[in-house]
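Comments concern the structure below.
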Amino acid sequence: MPAYATNMRLKFPILALLLEVITIILYAVFVVYDDGKGHHDDAHGHNKTEEKPLKLYPMFQDVHVMIFIGFGFLMTFLKKYGFSSVGINMLLAAFGLQWGLLMQGIWHLDGGKIKVSIFKMINADFSTATVLISFGAVLGKTSPVQLLIMTLLEITIFSINEHLVAEILGANDVGASMIIHAFGAYFGLAVARVLYRPNLRDGHENDGSVYHSDIFAMIGTVFLWMFWPSFNSAIADPGLPQLTAVINTYLSLAACVLSAYAISSLVEHKGKLDMVHIQNATLAGGVAVGTCADMNIDPFGAMLIGFVAGIISTLGFKYLSPVLASKLGIQDTCGVHNLHGMPGILGGLAGIIAVAMGKKDGHASMQAAALASSLGFALIGGAITGLIMKLPFWGQPPDQNCFDDSLYWEVPEEEEENEGNLDHEDHSKNKAEV
Amino acid sequence: MPAYATNMRLKFPILALLLEVITIILYAVFVVYDDGKGHHDDAHGHNKTEEKPLKLYPMFQDVHVMIFIGFGFLMTFLKKYGFSSVGINMLLAAFGLQWGLLMQGIWHLDGGKIKVSIFKMINADFSTATVLISFGAVLGKTSPVQLLIMTLLEITIFSINEHLVAEILGANDVGASMIIHAFGAYFGLAVARVLYRPNLRDGHENDGSVYHSDIFAMIGTVFLWMFWPSFNSAIADPGLPQLTAVINTYLSLAACVLSAYAISSLVEHKGKLDMVHIQNATLAGGVAVGTCADMNIDPFGAMLIGFVAGIISTLGFKYLSPVLASKLGIQDTCGVHNLHGMPGILGGLAGIIAVAMGKKDGHASMQAAALASSLGFALIGGAITGLIMKLPFWGQPPDQNCFDDSLYWEVPEEEEENEGNLDHEDHSKNKAEV
Amino acid sequence: MPAYATNMRLKFPILALLLEVITIILYAVFVVYDDGKGHHDDAHGHNKTEEKPLKLYPMFQDVHVMIFIGFGFLMTFLKKYGFSSVGINMLLAAFGLQWGLLMQGIWHLDGGKIKVSIFKMINADFSTATVLISFGAVLGKTSPVQLLIMTLLEITIFSINEHLVAEILGANDVGASMIIHAFGAYFGLAVARVLYRPNLRDGHENDGSVYHSDIFAMIGTVFLWMFWPSFNSAIADPGLPQLTAVINTYLSLAACVLSAYAISSLVEHKGKLDMVHIQNATLAGGVAVGTCADMNIDPFGAMLIGFVAGIISTLGFKYLSPVLASKLGIQDTCGVHNLHGMPGILGGLAGIIAVAMGKKDGHASMQAAALASSLGFALIGGAITGLIMKLPFWGQPPDQNCFDDSLYWEVPEEEEENEGNLDHEDHSKNKAEV
């Protein structure tokens, strides 16, 4: 078993500074501002910058809010892990967007250069979403060093699969149900499987929420929910296709709320609502409508997709997650399988059907290949990444210090009255080998 | 007196699923995407979609944030009712916007269809605002089932009054002081009056804030305050009228902050500021300038309106709300009368004066009729809705379980040290008849 | 020594109402809506309103969020001072934007009038940023009356320096590293020096965070971080220069996160991350790239600036702030010297170098004069303002009641279990002379 050397004092600064210095050097060589004169820079033959370089800026900022506030606060539900949730989320996204811009850009070099535009910044933010989804699967059980390594590898693999899906297969996935949500979820689940911790089989006292942490998490949920139409439409073709993507996502999410609340009440003790479902399953409609978002599936079609996604996601949290943990050894902290995994596959399947029905130009077989490719890259890439993360010198937390900020953060001491509740210091002192 | 059967396990899921399924069916029949080719779709003869379908999208997102973050977090001030505040707010708004799009759309059918555009999505969000205002009046004293019923009825009645005011009377109300704020407030107060609870006459131990819940509420306040210029200008005529609406609202709100803070300090013990005033009365300037927002009332005119609104609203919280509760049996949890009711009437009166002074084309008599209509529909509609909500099988909470999430939500158990403070389980077990 | 008469009941309402009434009168005389027909209204010869009056509105709203949510919540990190942080922030900004619009407008009268446009509203918001930065230096140690006086004086002085820098010297400072960040920081530090409290030399029990207050602060941090590209580009020339400002700021901030995290871990006990660094130093890249934001410094140049800023800022928090407090008597509550002061100077220096290298038209000597002017106005203006604020009848808090909302706010009583932790009433009762 690995020795837990969780002191980050050298490992973490060296890795973070090294990654940033390498990135800056690569930017010096490859990256310039967009001048509006380049090759057409997306799959649809549009140069997004030429006319109005800031046209997409409001949508970019919505996506930015989803990445940094949305994902960051969604994960603050854990009672003692809020610093890491919002703080490490910020770290991974800040590195990830720099790395993602490079990794995505090398497929579209223009005179040997990557020309940064708002369009490219949106895609860079997108690439970080995969990592933040995977982060949810391993939340509380990994060190910042492990997570930086995951960010580096996952975004690299993501950009290969994205290129394959969008450029080689020519598949539709405007809202990225397959290439972001399903990919990020199954990548994270593969990592979680490799990092399986048998001692957490029966749960962990810190793996839960308190009243206020659940409300912090709702900040993330609501911002994700509100701005999801921007996520699904940001890179759609301008004009009516983009409007369609907005409307479909807006309606899918609205329908999803009703079904998620209904099923939550139906399956819980005394018909009570469960915050885990509300924080997560209400968003499944945004995931599931992603691939079809810019297609003419009709408003009610989008609502049906959201309605079904809310049901599947809530049932997944209630019945499937416990089974995955106990039978398959997949300990999925945030339940990303229910929010991103299954709804992402549902979105991919809906896309296959919609293309087959002629709702948008394309080949159903290419849609199916795109889904398969995304799942394949995710599972294999995640497993390999997990093995690398499992090497015993990345400072992963010992079991008893999981889900506890105090291992990697200075945590304020609380007054005596709350000692049992919030003083983290005791735990962090007894680092052990397992 | 009614028997309190607060177990929602069947009632709530059945109602929520039924409403959503009916809504999806109606959308399948009536709702299509806007194609930019339709009839002129607003009162001003503009088709908002034809040229640039996403022109209003940033303003839509601002309004969206007000509805879901603004209203949702504003109500989290209660110490044990944050899950319901932000969570049920989300539920009602998600259903309400679907229903509102239908109810408003049936007055403007185009070839038998409702064509969804960003403009219509903004109006759909607006329609939910009425419900969320009324929700504030009955917060903590109603079940999710009762509130879904209120949403269904209130939006239906709202859309009738809105059509009357905007199309038949031809009145100005760009920022909806009358048709949203006054309407939503008096509707909610009428419901609250019908649902009067004599046993809460002397207050309730849970009807108050704790330190952190007051800070959560400020998230709502500040987002509402910042984005109110979008609310009041979103459906204004493009160009300078829209700019005028932004400027008037921005300045009215700024002036309102100063007067609300000043009066709060003046009327409170030792000159201290009261969070209830700061969270609410600072917003009255946005309500009160609504009707006049796009009129040439001059910047200082807007500031005067905001200044007066801040004074009236703060005084209302301090002196009027207690009287309404003790003398008239109107228990207004969030003080919506002070934030939306009186400032809404003030806005309607300002609109009558401004139109009479020629600040915008119109008839003062039509403005007055619009105000009277909005109040009439609100009071009668609210009373009828209240009677329906009072039927004894909707799972309303018993008096002692009011203002307590644990009746309808799984609430995390706190550690022993905080038991007296946060453990809700004890309360929810002794359901009684009153 | 001054007698502490902290009862605000007359002083505060009279001052607030007086300021607002005077402001409204001045608006009645001077302020009209922009009609798109005026003189060119910025330094670059563009009339920003003529064509599309709301073109800048989304960027304005981003800046608005930074001012009210960003600054407001960033300062909620103190355990007992959250009401003041977000509430007094709102008060000062609401007055400040009204006053700033006047003070900046008198330099650009058009037919004797100030014509309000979105461009002017952005600048008005900017002027409040100086005050909110200075507020951070004196947070917890000043009364609302003192702070309103500071707002009045600082914005007046700011607008003189801004006019000198932008119009007379013709210096570049698009993102305001010098005229807002360095100015606001050194102004606040000068005030803090004048208001030096020897009894707080060894700290104060309330001058620290608790777990949830640190998470509230991250709301401010993340919104500032996300929207900083809008701050630095909002008043840039339209088109590619504005795009450049967005890209440079986005990349500088991303690089800054990595270096701030790395250095935080490097200098802290056991390699742990410190929330103070994460909340603040991650933003230094936005400050430092401000002056150069719209210059062709290349993406990697922006990243280098951010990378260095993150290091300097973090080291400042760790090693310089304690020295400033103990040796120079500068008690800088929020460490604005590290977030705005040094990075602001770094930004000014980077601007001198960039202009000297021909990255943008200009004279390096004028850039240097602009930096010197900003620091000079700040230090002298701050010292004079501090002396006025020190007059013994503005209700400043006694030492033992510093960093405690209960002196100026009604604070909810907590349940008995938390009495020692959160009941503020005991403290506020024993006001003393020092």
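Order of the sequence lines fixes the chain letters, A, B, ..., with proteins taken first and strands second; residue numbering starts at 1 for each chain. Please read these numbers as outputs of a predicted model, since none were measured by experiment.
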Could you tell me which portion of C:I114 (side chain, backbone, both or neither) has an atom closer than 4.5 angstrom to a non-hydrogen atom of chain B? neither

Taking side chain as everything from C-beta outward and backbone as N, CA, C, O, which of these in B:N296 sits under 4.5 Å from a heavy atom of chain C? Side chain, backbone, both or neither. both

Bottom line for C:D125: the part with an atom under 4.5 Å from chain B's heavy atoms is both

Using every non-hydrogen atom in the two residues, find where B:S230 and C:Q61 come nearest and quote the distance to one decimal. OG-NE2, 3.9 Å

Atom group of C:F68 that falls short of 4.5 Å from chain B, counting heavy atoms: both

Please classify the contact of B:L253 with chain C as side chain, backbone, both or neither, using a heavy-atom distance under 4.5 Å. neither

So which atom in C:Q98 and which in B:L258 form the shortest heavy-atom distance, rounded to 0.1 Å? NE2-CD2, 4.1 Å

Under 4.5 Å to a heavy atom of chain C? For B:P58 that would be side chain

Which answer fits B:F307, side chain, backbone, both or neither, if we ask what part of it has an atom under 4.5 Å from a heavy atom of chain C? side chain

So, C:Y33 versus B:N248: side-chain donor-acceptor pair below 3.5 Å or not? yes

Which answer fits B:V276, side chain, backbone, both or neither, if we ask what part of it has an atom under 4.5 Å from a heavy atom of chain C? neither

Sole candidate of B:W228, B:F223, B:Y250, B:F227 that passes ring pair (Phe, Tyr, Trp, His ring centres under 6.0 Å) when paired with C:H64: B:Y250

How long is the gap from CZ on C:F83 to CG on B:L273, to the nearest 0.5 Å? 11.0 Å

Parallel, tilted or perpendicular: which describes the rings of B:H212 and C:H212, with under 30° parallel and over 60° perpendicular? tilted

